[in-house]
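Data first, discussion second: the structure below is written as structure tokens.
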2 protein chains.
Amino acid sequence: MPTRPLNSSPESEPADVFAPSREASKEITVRFNNTGAEEKAPERVNIREVARQAGVSVATVSMVLNASPRISRSTHIKVQRMIDKMGYRPNRLAQSLSGRYTQVVAVMLPPLRHAFADAYFGEILSGIADRAGKLGHKLLIEQAKPQFVKEGKHLELYERRFVDGVLCLGFNEKHSFLSDFAARRYPMILVDNRFGDNLLDYVQCDYRLGAQQAMNCLLQLGHRNIGMVYAAPESPTARDVVETYTARLVEAGISPSEKWLVDGCFTDEGGAEAARVLLTRAPEISALLCGNDKMALGAIRYLTTHGHRVPDDVSVVGFDDIQHLAYANPSLTTVHLPLYELGVLACEKLVERIRGKVEHVAEVLPTHLVLRESTGMMRTLRSES
Amino acid sequence: MPTRPLNSSPESEPADVFAPSREASKEITVRFNNTGAEEKAPERVNIREVARQAGVSVATVSMVLNASPRISRSTHIKVQRMIDKMGYRPNRLAQSLSGRYTQVVAVMLPPLRHAFADAYFGEILSGIADRAGKLGHKLLIEQAKPQFVKEGKHLELYERRFVDGVLCLGFNEKHSFLSDFAARRYPMILVDNRFGDNLLDYVQCDYRLGAQQAMNCLLQLGHRNIGMVYAAPESPTARDVVETYTARLVEAGISPSEKWLVDGCFTDEGGAEAARVLLTRAPEISALLCGNDKMALGAIRYLTTHGHRVPDDVSVVGFDDIQHLAYANPSLTTVHLPLYELGVLACEKLVERIRGKVEHVAEVLPTHLVLRESTGMMRTLRSES
DNA sequence: AGCCATTGTTAAAACAGTTTACCATTATCG
DNA sequence: CGATAATGGTAAACTGTTTTAACAATGGCT
């Protein structure tokens, strides 16, 4: 999608955004404060004040703010000028209280220790944040700690009118509290996952397609004994990958073995350990498909430090295409998930759902393979050629 | 709401000239509702409803909610019971509108492409989020894109009453808009940085101490020709490190050379490139101090792939101690920054500042060295022993 | 008994907007 | 020319809470 500069330098903006006149008045304000009179220093102006100064009713100012067609051009200009002159900014608490929407959406993260420092979540969040900004929505972040859910705070988010809707990242069918949202018809979208029964709204990457792309690559390179480091079997999308992996093996006339499958817990260390287990109990393996890049990296680290060259002895394919891994050594061949775009889509669809423009959300985004250095032809084929 | 009946009672009562009881006419409404249909499932209950059912005034319910000591024990229990029974949740838009605080704080991130996926920001954010939760505050995230600042949206955050205060991560003196907050006395705390004039509130790690710990380590291992990969010279804390590095060299009787200093831009690739430049133009270097872990990692990657063993030929020390790097090969000796704790402290202090409990915030947290495998005795010393 | 505190409760006035029903003007048309 | 429609604007009701001033009902003390 948008290809932004890697180092977008913020100093491109002018040094002083505001007119010096405003700065001057500020100084006066501060002095006034210091003499100890009243702390009404920032002098909040409200809609009534604007209406009086513009010589119109409060309703008229409100309609100007909301660009109502019932206001004539001349009145609109007159009022808008006064708004600018007085520096009036509508109080959005009052707006939301009397209106229908809060214009805030929440992002819920799972209770992992490093949820905020995660490359996978981060990429999705970037997309969400960008689109939310464009749609005039603010973003609230919450981590769904057990305590949080137990106290029903996830429902309070709506019921106390903190937000209009919620995006849930990194949850799976084990997190039954997610059904609470649907039961009350509160707008919620599951991001990059779905529930088995498809009763919950979701947007996700096409993990089946991704797994096929990865398997095609390995099979075409001549690999037949392909191991898989999976994770989170309780997640439908993760199961998609395993199922596709198995199906492709069968299609290629290879009978998949239980010995070729190990859980790597989505972590770096888990990936390393999984590689150890796999190559110990199934030395015939010449390629590994990993459920995410972190596990792939861990696997490569284990392999290279234990006498297996990558890709000469063992090929490795990852999943995610997280940043800064193009520089790894060897650089990782991986299935690119359009996570930024998924975040954008999730936010877009959530707002549509909030506005009642759609009833149900179920969207899938295609993946593609990024061929780098961690994959190669199978050993025997290479020596033959 | 769009379909708001102006006249809340369905049956048109004669204008109740004598009855000042809006409450009375509402009772009819409610009875009507209750005996009528049940289709309006979520049926929002408000404080008036609770008051009527409990047979007390709205003020009393409000005081029960806020645990006012002016309410008798018996009344408190009676009202609380009704609140629970009806599942009443106070509308926080109304609470904030009438009250002094929104109970929301914003976190501002710099306009970097991967700001949300960053291990450094993520660790601080974890601390902020945990403490905010404990203090009953919600978290809003914003990325300070140039456009955002240019339109004055950072001030709107307060002026339209989105938040009570702001925490700014990853900014430096070049970002002059930060002074806007202080000029208006809006609560804002700079996290892990400060402005030269110290007019802005801040909390930070003790970078001078950290740099000393790192230099002590290298000097004690016998290194004398120590290079430095720095970054962001416009940031006071980053300058602290460079200054301390230079000072310690001088103290040890070593004259620092300009050739030993290279900017690595805080990135992995920058670190690799910096290492290349340093070892090309100053082959005498036997140790590197890096301004963060990412650059250290990049440097190690360059070194190990270009005939320099780490730590046998060159020792490397990082800064940050970001997670999952303990597993790198060789694992990284680094200065641990208490980023989680810094986040907690920042949030704590911001809320104190909002509440008016403190006037100015300036806190510094100590660092400590984590000795791992990327450092070793200097070559010549080793061979002597 | 009369007076002053103390205690617990309440009516009403904020807070700052949006929306609706209604009311003047003009404009259109048979 | 008068009835009807369209246009532009407004008063007041409404969103759901906190807070303050006032008030009744006790209790303690001369």
Is A:Arg100 paired with A:Asp164 through a side-chain N to carboxylate O contact shorter than 4.0 Å? no

Taking for A:Arg73 and for A:Ala59 the nucleotide of DNA chain D with the nearest heavy atom, the one nearer the 5' end belongs to A:Arg73

A:Ala94 has its side chain closest, among C:dT18, C:dA16, D:dT17, to C:dA16

Ignoring the backbone of B:Pro90, work out which of D:dT17, C:dT10, C:dG17 is nearest its side chain. D:dT17

Protein-nucleotides 21-25 of chain D N/O pairs closer than 3.5 Å?
from   : atom 1 : to      : atom 2 : distance (Å)
D:dA22 : N6     : B:Arg70 : NH2    : 3.4

Nearest whole Å is fine: how far is C:dA14 C1' from A:Leu93 CG? 15 Å

What contact category does A:Ser96 fall into here, base, sugar-phosphate, or nothing, at under 4.0 angstrom with non-hydrogen atoms? nothing

Please check if any side-chain donor atom of A:Glu49 sits under 3.5 Å from a side-chain acceptor atom of A:Tyr88, or the reverse. no

Salt-bridge contact A:Arg185-A:Glu359 (side-chain N to carboxylate O under 4.0 Å): yes

Look at the side chain of B:Thr60 and decide which nucleotide, out of D:dG16, C:dT10, D:dT18, has an atom nearest to it. C:dT10

So which nucleotide from C:dG17, C:dT18, D:dT18 ends up closest to the side chain of A:Asn66? C:dT18

Using atom types as modelled and distance alone, determine if a side-chain donor or acceptor of B:Ser96 lies under 3.5 Å from a backbone N or O of B:Arg92. yes

For the side chain of A:Ser72, counting heavy atoms from C-beta on, which of C:dT18, D:dG8, D:dT17 is nearest? D:dG8

From the options D:dT18, D:dT17, C:dG17, select the nucleotide whose nearest atom is closest to the side chain of B:Ser62. D:dT18

When we call it a touch if two heavy atoms are under 4.0 Å apart, what does A:Val61 touch: a base, just sugar-phosphate, or nothing? nothing

Donor/acceptor link under 3.5 angstrom from A:Ser57 side chain onto base of D:dT10: no

Basic-acidic side-chain contact under 4.0 Å: B:Arg355, B:Glu352: no

Side chain to side chain donor-acceptor pair (under 3.5 Å) partners for A:His360, two or more places apart: A:Asp201

Side chains of B:Asp84 and B:Gln80, donor plus acceptor under 3.5 Å: yes

For B:Gly99 and for B:Thr75, locate the closest nucleotide of DNA chain C by heavy-atom distance; then report the residue assigned to the nucleotide nearer the 5' terminus. B:Thr75

Separation of D:dT15 C1' from B:Arg92 CZ (nearest whole Å): 14 Å

Could you check whether A:Ile71 gets within reach of a base, just the sugar-phosphate, or nothing at all, counting any heavy atom under 4.0 Å? sugar-phosphate

To the nearest angstrom, how far is A:Leu97 atom CG from D:dG16 atom P? 7 Å

Among C:dT10, C:dG17, D:dT10, the nucleotide that comes nearest once only the side chain of A:Tyr88 is considered: C:dG17

For a quick check of understanding: with a heavy-atom distance under 4.0 Å over all strands, which category does B:Arg161 fall into, base, sugar-phosphate or nothing? nothing

